[in-house]
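Since the structure comes first, as structure tokens, the remarks are kept for the end.
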Amino acid sequence: MNWKRFASTRKGQLILACSALAAVWLVILLNWLFSSLDGVPDRARIAKLKAELVKVRREYEKAESEQNAARDVRRRYRELAAASWFVAHDGAIETGLRRRISAVAQKQDFKLNSIGSVRTGRINAEFSYADIDISGSGDLGDVVRLLAGLAGIEPRLAWRRLDLRPDNRFRRNTGAGGANLAAQVNIVPETRINFSGTLRVFHYEGPLSIRDLQITRPSAAKLAEEPGL
């Protein structure tokens, strides 16, 4: 075949052009194929990527755990602050704490022997505590009702110390004479209790406001409107 004569014909030119175009596309295809094969990782690279993935996952889990711990600390901080004495809401602690304890005793018709002065101490820059000593005596049922009433004070008070002792000065009168030995054996103490202890309340002085803490207990002004306060 005369290639020169064939190439000079229209049909020959078309065939040669198509062949050249096919060759170009073949080169492009082969180049793309080899490039793709270069990007396919081998076993060593796959193992390395898996190790990096495990490392990233552990770092993420550690960061998430630390974030959850920090969130839990913030939540407990806010709960403690909201449950503490807040001067802007509860009034002056030195006088307000004594008034609330006295109000509970008055409501229970229980006469306390003594109510001490409020003593404060610093815990950190945002929290302090206030302690107050009280003492009294009465029938067991009356003492129990008083303690229940004190437990209902808000902000909540905690007993730092509480001593309960039977009051043996009070005995039942059996009406028996001193000569009746059986009657003497039946003389038993009344169920009267002497108690003394120290109540403590936390005092918050941090940057959070009443709105931030969402305090829902009655304010000092509202409590002052109630009888006995």
Side-chain angles (χ1 to χ4, degrees), residues 71-170 190-229:
R71 189 182 297 112
D72 186 59
V73 169
R74 289 194 298 269
R75 177 185 59 79
R76 287 188 284 113
Y77 170 87
R78 294 175 72 92
E79 289 177 351
L80 179 59
S84 300
W85 193 283
F86 199 92
V87 172
H89 183 82
D90 301 306
I93 194 169
E94 290 79 6
T95 55
L97 184 56
R98 288 174 56 89
R99 280 202 303 267
R100 296 189 190 186
I101 293 173
S102 298
V104 169
Q106 182 178 350
K107 186 176 181 180
Q108 300 290 338
D109 196 22
F110 191 100
K111 185 176 180 180
L112 290 170
N113 293 340
S114 65
I115 303 180
S117 58
V118 176
R119 307 182 304 278
T120 60
R122 177 64 56 184
I123 299 175
N124 55 35
E126 299 180 1
F127 285 95
S128 60
Y129 65 85
D131 288 347
I132 185 170
D133 297 330
I134 65 171
S135 65
S137 61
D139 291 341
L140 178 61
D142 294 336
V143 172
V144 170
R145 282 189 289 273
L146 175 69
L147 297 180
L150 294 175
I153 292 178
E154 292 186 299
R156 292 299 178 88
L157 309 181
W159 286 102
R160 183 170 175 267
R161 176 185 60 85
L162 177 60
D163 297 324
L164 298 171
R165 302 180 306 279
D167 191 341
N168 293 323
R169 294 175 301 170
F170 295 87
E190 281 277 11
T191 55
R192 288 184 62 88
I193 297 293
N194 292 327
F195 76 90
S196 63
T198 303
L199 285 163
R200 169 169 289 186
V201 64
F202 289 110
H203 179 202
Y204 178 67
E205 301 172 274
L208 298 181
S209 65
I210 297 175
R211 180 178 298 179
D212 295 330
L213 297 176
Q214 298 179 349
I215 297 176
T216 58
R217 62 178 176 268
S219 65
K222 188 175 181 63
L223 288 173
E225 299 174 357
E226 298 182 3
L229 277 173

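Residue numbers run from 1 in the order of the sequence given. Every value quoted in this text rests on a predicted model; they were computed, and no experiment measured them.
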Which atom of [X] lies closest to which atom of [Y], heavy atoms considered:
X    : Y    : answer
Q108 : G149 : NE2-CA, 4.5 Å
S84  : F127 : OG-CE2, 3.8 Å
P166 : N194 : O-ND2, 4.4 Å
R160 : D131 : CD-OD2, 3.7 Å
V104 : L150 : CG1-N, 3.8 Å

With side chains defined as the heavy atoms from C-beta onward, is the minimum distance between [X] and [Y] less than 4.5 Å?
X    : Y    : value
P155 : V201 : yes
E205 : V87  : no
H89  : L213 : no

S135 vs N113, test: side chain to side chain contact (heavy atoms under 4.5 Å, CB included). Steps then yes/no.
CA-CA 5 Å; S135 65; N113 293 340; 3.6 Å; yes

Distance, nearest 0.5 Å, that separates [atom1] of [X] from [atom2] of [Y]:
X    : Y    : atom1 : atom2 : answer
I101 : I132 : CD1   : CD1   : 4.0 Å
T198 : W159 : OG1   : CH2   : 8.0 Å
F110 : L147 : CZ    : CG    : 8.0 Å
S137 : I193 : OG    : CD1   : 10.0 Å
E94  : R99  : CD    : CZ    : 11.0 Å
F202 : R156 : CZ    : CZ    : 14.5 Å

Per the side chain to side chain contact (heavy atoms under 4.5 Å, CB included) rule, which among L97, I134, V118, I115 passes with L199?
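Testing each of L97, I134, V118, I115 against L199, the sole residue satisfying side chain to side chain contact (heavy atoms under 4.5 Å, CB included) is I134.
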
Side-chain donor or acceptor of [X] paired with backbone N/O of [Y] under 3.5 Å:
X    : Y    : value
W85  : A92  : no
R78  : D212 : yes
R161 : D133 : no
R217 : A82  : yes
R98  : G116 : yes

Determine, stepwise, if the pair L140 / V144 fulfils side chain to side chain contact (heavy atoms under 4.5 Å, CB included).
CA-CA 6 Å; L140 178 61; V144 170; 4.2 Å; yes

Tell me whether R75 at atom CZ has more than 12 heavy atoms from other residues, nucleotides or ligands lying less than 6.0 Å away.
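Yes, enclosed.
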
Heavy-atom neighbours of D109 CG exceed 12 at 6.0 Å:
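No, not enclosed.
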
